[in-house]
Each structure stands twice: as structure tokens, then as C-alpha cells.
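These notes concern the structure reproduced below.
Being a predicted model, the structure only gives us computed values, none of them experimental.
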Amino acid sequence: MTLSVAVSGASGYAGGEILRLLADHPDIEIRTVTAHANAGQALISHQPHLRSLAHLELQATTPEVLAGHDVVFLALPHGQSAQYTEALRDTPLVIDAGADHRLTSAADWAAFYGGEHPEPWAYGVPELPIAGGKQRDLLRGAARIAAPGCNASTVALSLAPGVAAGVIDPGDIVSVLAVGPSGAGKSAKVNLLASEILGTANPYAVGGTHRHIPEIRQALAAAGAPADGIRVSFTPVLVPMARGILATSSAPIRSGVSDAEIRAAWEDAYAGEPFVEVLPEGTFPRTADVLGANVASLGLAIDRAANRVVVVAAVDNLVKGTAGAAVQSLNIALGLPETTALPLNGVAP
């Protein structure tokens, strides 16, 4: 059976990437694409790389237009998805690529976003270790899914195996991320102009202010860390590459843990996972290695002089970080093969 799909925010980066992946999905018919300011224009004029979808026209993002589909993807700015929840109550599956339904804590929502706390949905990071299994188990048959924040899921996938295995102390986590500007969306902003980012690296949201911090804490708590014992120093740095995240995360090694136990924690956690790889000892990923792929590539180092585990993770923020996670979660929720329409190979050079 072919499922009808509507994608909101289709003229943006996340919406465009969702469409790129769904265009090759054998069980999906992309029936409707919507936008706000760009409504009434041809999709191809805003996503010229999506040639197979050139017949589609952007419609207004309204409840009436989005309703009546089997699946709706909401690729809207943060704070705009929740308004459609009631109108889409009869839609079998809704997947939100924004932040509205990610956080379970009303206090965290108030502190980092503000306003009324929307209902939390199943978190769309299938490989994430949680107590008793994987997040994948909570996605099977789910009707409402919150795709992750790209930075948050990258850090969570980096450290959750160590937390779940009890080999690292989550009370002193430090993560520094080099990120591409596409993660900030397609809206014109002065700090994202080429003249502002080429030839420089720019830190932002420094000092515990980034909105993905509570999402990281939530994921690590699900992996087994005590909620009041998680401390994360998180510093993103904007660098001149269109796509990609290179996250370097470290945490103290717990007393008495051997090097073999540390490496086994990560290798065992992701054994058999098609989209998360743990590289051989002494090998570390580059963002170029995962460009266009639905893959998180992890390199692990054990720094005994500093008594810390260091994990370097590379993802394409628009694929594994956002759209790929959403489509992967769709496949699981609907009982389809998890790898359907998801690229394993990257693009080089």
C-alpha cells in the first residue's frame, strides 16, 4: 500500500532534505508540499535539485491542507508545530522536525523555549541506548514522533553507550562542536552571510545557553544517568561548511574501568546498527566521510593522562541529524524495513 504524505516547510533545508529522501521511498507518495511566504510558487524554484518533484506546487501551510494524509512531516521553525496538533488528530502518523515535542520536562521547556509546554512525543533516535533496550523499541507503532535536534542527537549517540555501561561519569561532560550553517535554517540572517562565515570560526550560544542542552541531558538520563547528576558544557562553533557536525565530547572514566571495557561499551551498543559505526582504534571521522549519508561515524580515544574518554562524532546534520532520523523513525513506526530510502554511502570528494 502506498502512503500519502504531506511535508510542511518544504522550501526550507530540513523540508527539502525530507523530500529528497522520500522521493526514493517505494511506499510513499509525496502528495502535498507546503510553505508560508513561498506558497503558490513551484517547489522546483526553491529546491532545484529535486527534479523528480518538479510537478509539485507549494501550498499554504494550513490545517486543512495538511489534513487527510497518511503521514505529515512538520519541518517548521520552533514553536510553530504545536498549533497543528489538534487539527491533525486523525492523521495516522505525524513527525515533527522542530523542537516542539522533544522535551519531556516542562521546566526545561520554560527555561530554554518559553510558552506553553507541548505534549512530548516519541523521540526519533532509534539507536539511542535506553534502560532495557534501545529507543527503537518506543518507535514501533508510534503515531507521533519528534525528530531530534542535530547537535543533541550527535552528542547523545556519542556518550550514551558509556553512560549505559557505567564506564563514564556524566557529571563532567564537555562537548565542542564544529557545525555548518545549514543547521540554522534557510532564513536570511546577517551572521550566516558568506562574508561573515568564510575564513573564520564563530562560537555561539556559549555558557550553557544552547537549546539542545536539555535534550542531551534527557537522552543521557534515558540511558541510565541520574537526572541530577548530568552536567554538560556544550559549545557549538559555526564553521564555513554548508553541512556537517564534528562533535568532540569527553567525560571522566569511572574508577577501576579497563580500556577493554570502555571500548566494548561502544562496540557492543552499536553492533549491528546500520547507521552508527564505531571506527577502529586510532581512527577518527571527518565530516566529509558522512556527507549525504544517514550515518553517525564515531571515533573513540582513551586519554589516561586526563582520565577521560574522548569521542569524536561526524554526522551530516541535514540527514542523520534531521531528515534521515525522521524517515528512519517513519520506517520503524510503520513496520517497514528500517533502511528503506536511506543512504548508507556518502558523497566524495
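Atom CZ of R51 is surrounded by 12 or fewer heavy atoms from other residues, nucleotides or ligands within 6.0 Å. More than 12 heavy atoms of other residues, nucleotides or ligands sit less than 6.0 Å from atom CD of E267.
Taking CD of E261 as the reference point, atom CZ of R254 lies at 13.0 Å (rounded to 0.5 Å). Rounding to the nearest 0.5 Å gives a distance of 13.5 Å between CZ of F73 and OG1 of T32. Note: L342 CG to N294 CG = 4.5 Å, rounded to the nearest 0.5 Å. To the nearest 0.5 Å, the span separating CG on N38 from NE2 on H46 amounts to 3.5 Å.
Side-chain atoms of R102 do not come within 3.5 Å of backbone N or O of A146 as any donor-acceptor pair. No side-chain donor-acceptor contact under 3.5 Å links Y123 to the backbone of L138. Without hydrogens or angle criteria, T91 side chain to V71 main chain gives no donor-acceptor distance under 3.5 Å.
Of all heavy-atom pairs between Y13 and S182, the closest is CD1-O, 3.7 Å.
Side-chain N/O atoms of Q328 and E127 include a donor and acceptor closer than 3.5 Å. D108 and Q218 share no donor-acceptor pair across their side chains, judged by distance under 3.5 Å alone. If you check the side chains of S4 and E29, you find no donor sitting under 3.5 Å from an acceptor.
By the ring pair (Phe, Tyr, Trp, His ring centres under 6.0 Å) test, F275 is found to be paired with no residue, residues two or more places apart in sequence or in another chain being considered.
For the side chain to side chain contact (heavy atoms under 4.5 Å, CB included) criterion with V315, the lone passing option out of L291, V276, I245 is I245.
Residues D100 and P118 meet the side-chain proximity criterion, which asks for heavy atoms closer than 4.5 Å. Counting heavy atoms from C-beta on, the side chains of N191 and N202 never come closer than 4.5 Å. Residues N345 and P343 form no side-chain contact, since every pair of their non-hydrogen atoms from C-beta on lies 4.5 Å or further apart.
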Legend entry - Test log, rule side chain to side chain contact (heavy atoms under 4.5 Å, CB included), inputs V312 and L246: CA-CA 7 Å; V312 180; L246 189 73; 3.7 Å; yes
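Using a cut-off of 4.0 Å between Lys/Arg side-chain N and Asp/Glu carboxylate O, E273 and K134 are scored as salt-bridged.
Pairs passing the side chain to side chain donor-acceptor pair (under 3.5 Å) check and including a residue from residues 17-26, sequence neighbours excluded, read E17-R20, E17-R243, H25-N331.
By the 30° and 60° cut-offs, the orientation of the rings of W121 relative to H101 is parallel.
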